[in-house]
Amino acid sequence: MRRNENPFSPADDPLSDLLKDHAPTLWAARETSQQLLAALTSALSQNAGALAGIETVIAAGSLARLEAHAGSDFDGILIASPGGPSTVPDDMFDIVAACGLKPPKADGIYRATITAETLCRLSARGSLDEPPAHFGKRMQVLLDARAVTGEAAFRQLQREILDWYAGDSISRYPDAQWTLLINDLSRYLHAYAGWQQFKCARSDDDGWYLRQAKLRGSRMLTFAGLLLLLGESSVLGADKRAWVAARLGLSPLARVAAVMQPRDAAAFQRVLTDYEAVHALLATPAVRAELVARSPGPDAPSDGDFPASYARIHEHSGRLLRELSQFVLARRADWHPDFFSYLLF
């Protein structure tokens, strides 16, 4: 298996200076996320016993997007060595909590380990019988993931998953596209959106309006980050594999910036403005409390009117989605026509 360290350095990140001047809430979240990641990496490195048999601990979700705050959930993907443990000791999650992050639910998918071999098993290509947790974790490694421990093992896994999707065709045929990855990205996006549309479970800190706000904001931008990389690479022939691999170290927002800014800087600025507005609203405790309190539930049907805060989020996220859609459609003369065929059909 090949090792492929991502050649991007922090100085290559197209968001290095932009957030500080134009998106202060996202900038603050970025600073907090980097501090949380550093603290978690240090703490876990000093407690090797909690990670026996684990090749790499991968952060997903808001921490990987560099959009976390103190008290954010830790969505961790735990890659075990062959024959390694199926779970890790609770000590690890005590460390997570001590670093200021909310540990995953005791019965959730982020407590269970998985192996690189499972994620890269050739027989799983196109399978509809594969466990959703396997499919979801594979996608997350490409969508929004960042190593907490085992950086080299993480980069190797990320490249191997990309190769799993590429197969032999991308190296052999200049016009070959990311057919399976485009299909899986669409499957994941639409399955997730359909699930969230009718999930009405409520808790003290979660509800339908809050989940919809996240879906229309950070979740959709995360999907867009990978989709834009695939579109931009579509005309690069056999070089598309290396080009995409070199940019997987970027956060979803940075991926969007890397593709949009050179082609339409004004469009990216509009995306950033609305994304900052959504993030700022969701970073406000009173807004989150309203979204949860007004959410419909099994025993509490919707009153039919959007909460005021959700109406604002819906407006900003609607513009965000339209801007991203218009940018993709405007690339019909720039990206390979087969990319659009696979994306639509």
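Since this is a predicted model, take the numbers as computed values, not measurements.
- Classification of the Tyr209-Tyr310 ring pair by plane angle, with boundaries at 30° and 60°, yields tilted.
- Residues Glu323 and Arg319 are not paired through a salt bridge, judged by the lack of any N-O separation under 4.0 Å between the basic side chain and the carboxylate.
- One finds a salt bridge joining Arg187 and Asp184 here, because a Lys/Arg side-chain nitrogen approaches an Asp/Glu carboxylate oxygen to under 4.0 Å.
- Using a 4.5 Å cut-off on side-chain heavy atoms (C-beta onward), Val256 and Tyr275 make no contact.
- Salt bridge present: Arg263 and Glu232 bring a charged side-chain N and a carboxylate O closer than 4.0 Å.
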Query raised in the report: Gln156 and Arg159: side chain to side chain donor-acceptor pair (under 3.5 Å), yes or no, with the steps?
Result: CA-CA 5 Å; Gln156 180 171 300; Arg159 179 56 181 261; over 6 Å; no
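- Formation of a donor-acceptor pair under 3.5 Å by the Asp264 side chain with backbone atoms of Met260 is not found in this model.
- We find that Glu130 and Arg138 are joined by a salt bridge, their nearest charged nitrogen and carboxylate oxygen being less than 4.0 Å apart.
- A salt bridge links Asp205 with Lys102: the closest approach of a Lys/Arg side-chain nitrogen to an acidic carboxylate oxygen falls below 4.0 angstrom.
- Side-chain contacts under 4.5 Å among hydrophobic residues (ILVMFWY), followed directly or transitively, place Tyr173 with no other residue at all.
- Between Pro262 and Ala257, the closest heavy-atom pair is CD-O, 3.8 Å.
- Here the CG atom belonging to Leu343 is positioned 8.5 Å from the CG atom belonging to Leu185, to the nearest 0.5 angstrom.
- Minimum interatomic distance between Ala23 and Leu272 (heavy atoms only, all atoms of both residues): CB-CD1, 4.0 Å.
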Query raised in the report: Arg202 and Val292: side chain to side chain contact (heavy atoms under 4.5 Å, CB included), yes or no, with the steps?
Result: CA-CA 8 Å; Arg202 286 178 53 171; Val292 172; 5.6 Å; no
Report task. Give the intermediate values and the outcome of side chain to side chain contact (heavy atoms under 4.5 Å, CB included) for residues Thr56 and Glu151. Result -> CA-CA 7 Å; Thr56 175; Glu151 176 78 19; over 6 Å; no
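- The ring of Tyr110 has its center no closer than 6.0 angstrom to the ring center of Phe74.
- Ring geometry for Phe306 versus His314: interplanar angle of 30 to 60°, hence tilted.
- There is a side-chain donor-acceptor pair under 3.5 Å between Tyr192 and Arg219.
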